[in-house]
Amino acid sequence: MARSRSGTRGRRGPRKPPRRDGAFAGASVQTVDPRERGAIELPATITVKELADLFGVNPADVIRELIKSGIFATINQLIDRDTAALVAGELGYEVAEPVLTTSGDGTEEGADGAVSEAAKEELFTEVDDANLISRAPIVTVMGHVDHGKTSLLDAIRSTTVAAGERGGITQHIGASEVTKDGRRVVFLDTPGHEAFTAMRARGARVTDIAIVVVAADDGVMPQTLEAISHAKAAKVPIIIALNKMDKPDANPDRVKTELTEAGVVVEEYGGDTPLVPVSAKSRVGLDDLVEMVLLVADLQDLKANPKRSAIGTIVEARMDKSRGPVATALVQTGTLRVGDVIVVGETFGRVRALENELGKRIPKAGPATAAVVLGLSEVPEAGDILRVVADEREARTLVEARRTEVASRGGEGSGRATLEDLYRQIQAGQAKELRIILKTDVSGSLGAITHALGQLATDEVKINVLHEGAGEITDNDILLASASNAIVVGFNTRIGDTARRAAETEKVDVRLYDIIYQLTDDIEKALSGLLEPEQVEVIEGRAEVRQVIKVGKSQVIAGSYVTDGRIVRGGARIWRGGKVIASDRIESLRRFRDDVREVATGFECGIALAGFNDLQEGDVIECFSTQTVSRSLAS
């Protein structure tokens with residue numbers, strides 16, 4: 001007699017076949033009776049072999065069912081949940097609905113481990129107050145070209161680096177640390193709002209503070225305004241570094257005035273934006289700038305939990321001929337350790353080694369620490385989010401689910417805001433603003449259009465112009481729109497070729513106009529969609545009470561004649577002597593002995609109210625309903 005897996009002789013009923021990793025053709029496998037199995041939970045992806053083992057059938061049976069559906073798969077090929085469910089149905093098995101579970105880091109995810117859109121924002125949210133510690137601020141340096149972004153960063157690094165490390169060979173890893181009075185500050189080494197916003201567009205919120213560098217001898221320039229707009233759109237605190245103060249033609253007062261005109265009011269002028277005079281060349285004011293960064297960080301009260309599973313962002317990545325995929329990860333919360341299994345975007349791997357910026361091997365990287373990560377199977381993209389997961393099986397399942405999701409969205413667009421579907425987009429997210437990047441031919445047009453748009457805003461819906469400027473639409477404008485889910489509006493201007501390609505790639509809605517009223521008409525239509533629908537009361541009909549019939553001790557039925565409209569169940573008001581004496585609800589409506597849904601004009605009916613029974617002959621029962629009506633700005 002055959003022996004079961006547990007070794008119990010003579011056990012009756014179905015059994016799971018032994019695992020076979022080799023050929024399966026011709027093998028005889030006893031199947032599990034579907035009636036003895038409950039609903040089976042399926043992951044997002046599964047191999048044919050794993051599915052056969054799960055059902056307790058021969059892999060050939062699974063392949064046979066796949067071929068019937070026109071799918072030619074090998075034993076080790078991955079198939080998605082829908083396909084696996086189809087096979088399960090053909091074999092007589094019931095498939096359970098995917099359920100939400102809670103991952104190790106506290107975020108809700110599907111049974112396949114795929115993080116829902118709503119949970120993405122919660123990835124970086126700290127929930128375990130007991131284990132929170134202060135972490136170092138992460139800083140991005142932005143500003144106009146030639147205003148000294150890179151030289152300022154180099155000066156800060158060389159001035160504050162520990163003396164013992166000066167002899168070390170620093171490798172470029174995309175981020176660097178400086179120490180001031182025993183406190184760390186992490187600087188992203190890729191200056192410029194382009195890289196900053198590109199990472200935001202991929203869903204990463206890396207930066208805590210933005211330093212906008214302005215040359216004291218040159219003043220506020222177009223890229224300065226762009227940098228400010230990008231920082232504001234990301235809701236990141238701004239510190240102005242007034243560079244090149246050692247130049248004889250430096251004019252800080254002019255710069256402060258220009259900043260005020262750009263909407264950035266420095267503290268000296270009564271605003272809330274710190275301004276620190278510096279000189280990268282003569283190394284003046286660098287300590288003051290770092291101290292200001294720490295002060296702003298203290299106001300933000302930056303904390304992280306080093307004991308949770310690590311979550312971070314890829315700063316940069318490349319393929320190394322000798323070491324394979326190499327990525328710099330900025331750990332934002334948790335602790336990343338050698339040996340951890342990580343998922344990064346659409347790739348995964350096991351951390352084989354971690355290195356710091358000096359090229360030294362380190363066993364772990366805590367919150368607000370940049371480290372080179374070795375061990376990924378493919379090169380990720382800058383801005384991809386890194387997560388530590390339980391094991392490689394979970395990692396593979398999560399990556400395959402993401403790839404399947406991306407493939408399924410291939411022809412459906414990216415879900416970014418457009419004027420046509422903005423109502424649906426914003427209703428889904430419960431947002432109440434229309435974000436716009438505005439570009440015009442000349443600066444004089446900006447004021448007129450901004451004023452016209454301001455006239456369209458209401459208490460319920462506001463227009464948020466994230467950035468405005470004169471000139472053609474650039475790829476920087478597209479990047480900002482992509483990261484902020486905004487639309488780009490151009491008036492009497494054109495869009496550059498690279499920007500057009502970027503808009504197509506990022507699925508950003510670009511609108512070009514040469515008549516102002518056409519521009520405002522389109523925006524007004526979009527805003528009308530954004531308005532909350534209005535609840536409007538509709539009078540359905542009226543009936544005059546001709547006879548009051550008592551039923552039982554307290555309830556009465558009003559024998560009525562419909563004088564206007566129709567009488568339906570729902571809200572009701574009772575009129576007497578030209579005044580409303582009660583509001584109630586029609587609970588029962590009858591014609592003779594039959595319950596009916598409505599009674600039209602000219603017919604008699606019996607009406608029973610839910611609570612009001614003090615009816616008299618001659619009273620008028622008015623029934624009404626509440627309907628949702630879309631509004632326009634003119635209503």
Side-chain angles (χ1 to χ4, degrees), residues 136-163 165-166 168-181 183-200 206-218 221 223-224 226-228 230-231 234 236-247 255 273-297 313-316 328-330 356-359 368-372 382-383:
I138 301 167
V139 182
T140 297
V141 181
M142 301 189 288
H144 188 72
V145 65
D146 295 333
H147 277 200
K149 301 187 299 289
T150 305
S151 58
L152 179 63
L153 193 53
D154 289 341
I156 292 173
R157 229 182 354 234
S158 61
T159 301
T160 56
V161 69
E165 296 179 354
R166 283 187 179 142
I169 300 175
T170 302
Q171 61 174 343
H172 180 75
I173 67 171
S176 57
E177 295 182 8
V178 302
T179 304
K180 173 71 174 174
D181 299 330
R183 298 181 62 185
R184 297 165 51 243
V185 177
V186 179
F187 285 92
L188 293 184
D189 286 351
T190 17
H193 53 271
E194 296 91 343
F196 168 77
T197 306
M199 295 178 77
R200 277 190 63 227
V206 183
T207 306
D208 300 310
I209 299 169
I211 294 178
V212 177
V213 181
V214 186
D217 63 332
D218 204 11
M221 302 297 285
Q223 282 185 303
T224 312
E226 286 186 358
I228 292 170
H230 287 234
V236 174
I238 297 172
I239 298 175
I240 300 295
L242 194 55
N243 196 21
K244 303 186 180 183
M245 286 294 290
D246 55 327
K247 286 203 168 187
V255 176
T273 303
L275 182 146
V276 182
V278 296
S279 171
K281 185 177 181 180
S282 57
R283 317 268 171 149
V284 174
L286 302 183
D287 285 345
D288 294 338
L289 182 59
V290 177
E291 285 179 4
M292 183 58 69
V293 168
L294 292 173
L295 178 60
V296 173
T313 302
I314 300 301
V315 177
E316 62 180 33
T328 298
L330 183 59
N356 63 14
E357 61 180 307
L358 299 176
T369 301
V372 174

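Computed from heavy atoms alone, side chains included, the values below leave out hydrogens, waters and symmetry copies. Start at 1 with the first residue, then count along the sequence.
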Visitor: Got Leu289 and Leu152 here, is their nearest side-chain heavy-atom distance under 4.5 Å?
Guide: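 The answer is yes; the side chains approach within 4.5 Å.
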Visitor: Under 3.5 Å, is there a donor-acceptor pair between the side chain of Asp208 and the main chain of Ala297?
Guide: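 Not confirmed, Asp208 side chain does not pair with Ala297 backbone.
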Visitor: Apply side-chain contact (heavy atoms from CB on, under 4.5 Å) to residues Val284 and Met245 and explain how you reach the verdict.
Guide: CA-CA 9 Å; Val284 174; Met245 286 294 290; over 6 Å; no
Visitor: Ignoring hydrogens and angles, tell me if any N or O in the side chain of Glu357 forms a donor-acceptor pair with the backbone of Glu177 under 3.5 Å.
Guide: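 Answer holds: yes.
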Visitor: Looking at Ala329 and Ile314, what are the two nearest heavy atoms and their distance?
Guide: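 Distance-wise, the nearest heavy atoms are CB-CD1, 4.1 Å.
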Visitor: To the nearest 0.5 Å, what is the distance between OG1 (Thr140) and CG (Leu153)?
Guide: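 Thr140 atom OG1 to Leu153 atom CG measures 10.0 Å (nearest 0.5 Å).
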Visitor: At what distance, to the nearest 0.5 angstrom, does CE of Met142 lie from CD of Glu226?
Guide: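 Reported to 0.5 Å precision, the distance equals 11.0 Å.
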Visitor: Looking only at heavy atoms, which two atoms of Ser151 and Gly148 are closest? And how far apart?
Guide: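 Shortest heavy-atom contact: OG-O, 3.2 Å.
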Visitor: Please assess Leu188 against Leu330 for the test side-chain contact (heavy atoms from CB on, under 4.5 Å), listing each intermediate value before the final yes or no.
Guide: CA-CA 9 Å; Leu188 293 184; Leu330 183 59; 3.9 Å; yes
Visitor: Which atom pair, heavy atoms only, marks the closest approach of Asn243 to Ser279?
Guide: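 The pair with the smallest heavy-atom distance is OD1-CA, 3.5 Å.
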Visitor: Hey, what do you get for CD1 (Ile209) to CD1 (Ile138), rounding to the nearest 0.5 Å?
Guide: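 CD1 of Ile138 is found 10.0 Å from CD1 of Ile209.
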Visitor: Return yes if some donor-acceptor pair links the side-chain N/O of Thr207 with the main-chain N/O of Ala210 below 3.5 Å, else return no.
Guide: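 Side chain of Thr207 to backbone of Ala210: no pair is present.
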Visitor: Any chance you could measure Ile239, atom CD1, to Met292, atom CE, to the nearest 0.5 Å?
Guide: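 Here the interatomic distance stands at 6.5 Å.
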Visitor: Looking at Val139, Val278, Val178, Val141, which one forms a side-chain contact (heavy atoms from CB on, under 4.5 Å) with Ile156?
Guide: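 Testing Ile156 for a side-chain contact (heavy atoms from CB on, under 4.5 Å) against Val139, Val278, Val178, Val141 leaves exactly one candidate, Val178.
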Visitor: Is a donor on one side and an acceptor on the other found under 3.5 Å between the side chain of Arg184 and the backbone of Ala368?
Guide: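 Checked: pair present.
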Visitor: Give, for atom NE2 of His144 and atom OG1 of Thr224, the distance between the pair rounded to the nearest 0.5 Å.
Guide: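 His144 atom NE2 to Thr224 atom OG1 measures 6.0 Å (nearest 0.5 Å).
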Visitor: How would you list, by chain and number, every residue that makes a salt bridge (Lys or Arg N to Asp or Glu O under 4.0 Å) with Asp218, sequence neighbours excluded?
Guide: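 Partners of Asp218 under the salt bridge (Lys or Arg N to Asp or Glu O under 4.0 Å) test: none.
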Visitor: Write down the atom of Val186, the atom of Ala136, and the distance for their closest heavy-atom approach.
Guide: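 The answer is CG2-CB, 4.3 Å.
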Visitor: Suppose we screen for side-chain contact (heavy atoms from CB on, under 4.5 Å). Which residues come up paired with Pro237, at least two apart in sequence or across chains?
Guide: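 With neighbours one apart ignored, the set is Val296, Gln300.
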